[in-house]
2 protein chains.
Amino acid sequence: MRNLIKVERAIHNLTQAKLAEMISVSRQTINAMELNKYVPSTVLALKISEIFKKPVNEIFFLDGKD
Amino acid sequence: MRNLIKVERAIHNLTQAKLAEMISVSRQTINAMELNKYVPSTVLALKISEIFKKPVNEIFFLDGKD
DNA sequence: TCTAAAAGTAAAAGAAAGATTACATTTAAG
DNA sequence: CTTAAATGTAATCTTTCTTTTACTTTTAGA
């Protein structure tokens, strides 16, 4: 899976730390997500969708490895 | 978090076992998801979204506990 | 250039997802 | 009513997410 969190963060002018705080996770979790180190839970995806006001499907995408 | 997997399964006439097979998880995983026993990964949410041809946001919803 | 904020990285530990096996209960169809 | 399919449930185990702590590297601004 890949995601556009870094892009959305740029659009909304948010640091990893600020975004992390907004969805109640650690900064490392945001960082690891952006670097595709792991797959986040659906709750996190929904919270990010809410913050960026975009559907989950426009932020997260399945790729070959899924 | 809550979800409408059971409803979508009914619409598409799929058993838990069939859906499980389609997204390569165990039947118990589908069952537990429907009963809100745990939060699935975003990859699973995207696969379910694909199968039911509906956005993740129309199948999975944040609730008070999130 | 110097500094501070931001981002990357990593190890260890805890929490939760998901598999597996197995059995009980419910539902639908004959 | 009987039977088989479907669903619910539970225990144990493995894998993966997520936190915490801490350090390094990069980037932007004074």
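Letters A, B, ... mirror the listed sequences (proteins, then strands); counts begin at 1.
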Looking across every strand, which nucleic acid part, if any, lies under 4.0 Å from A:Thr29 by heavy atom: base, sugar-phosphate, or nothing?
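A:Thr29: base contact, heavy atoms under 4.0 Å.
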At under 4.0 Å between heavy atoms, what does B:Thr42 touch on the DNA or RNA strands: base, sugar-phosphate, or nothing?
nothing
Which distance, rounded to the nearest 0.5 Å, do you find between the [atom1] of [X] and the [atom2] of [Y]?
X	Y	atom1	atom2	value
A:Leu4	A:Glu34	CG	CD	10.5 Å
B:Ile48	B:Phe60	CD1	CZ	4.0 Å
A:Lys18	A:Ile51	NZ	CD1	12.5 Å
B:Ile11	B:Lys53	CD1	NZ	13.5 Å

Return the minimal non-hydrogen interatomic distance between B:Arg2 and B:Asn36, and the atom names on each side.
CA-OD1, 3.6 Å
Any side-chain N or O of [X] under 4.0 Å from OP1/OP2 of [N]?
X	N	answer
A:Ser41	D:dT18	yes
A:Ser26	D:dT19	yes
A:Lys6	C:dG8	yes
B:Asn31	D:dT7	no
B:Arg9	D:dT7	yes
B:Lys37	D:dT7	no

Going by modelled atom types, is there a donor-acceptor pair between the base of D:dA6 and the side chain of B:Arg27 at under 3.5 Å?
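For B:Arg27, whose side chain was compared with the base of D:dA6, there is no donor-acceptor pair (under 3.5 Å).
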What's the [atom1]-[atom2] distance between [X] and [N], to the nearest Å?
X	N	atom1	atom2	answer
A:Asn13	C:dA6	CG	P	10 Å
B:Gln28	D:dT12	CD	C1'	13 Å
B:Lys18	D:dT7	NZ	C1'	14 Å
A:Ile48	D:dC17	CD1	C1'	14 Å
A:Leu35	D:dC17	CG	C1'	15 Å
A:Leu44	D:dT16	CG	C1'	13 Å
B:Gln16	D:dG8	CD	C1'	8 Å
B:Tyr38	D:dT14	OH	C1'	14 Å

Closest nucleotide of DNA chain C for B:Val25 versus for A:Ala17: which of these residues is on the 5' side?
A:Ala17
Identify, between A:Ile30 and B:Thr15, the residue whose nearest nucleotide on DNA chain D lies closer to the 5' end.
B:Thr15
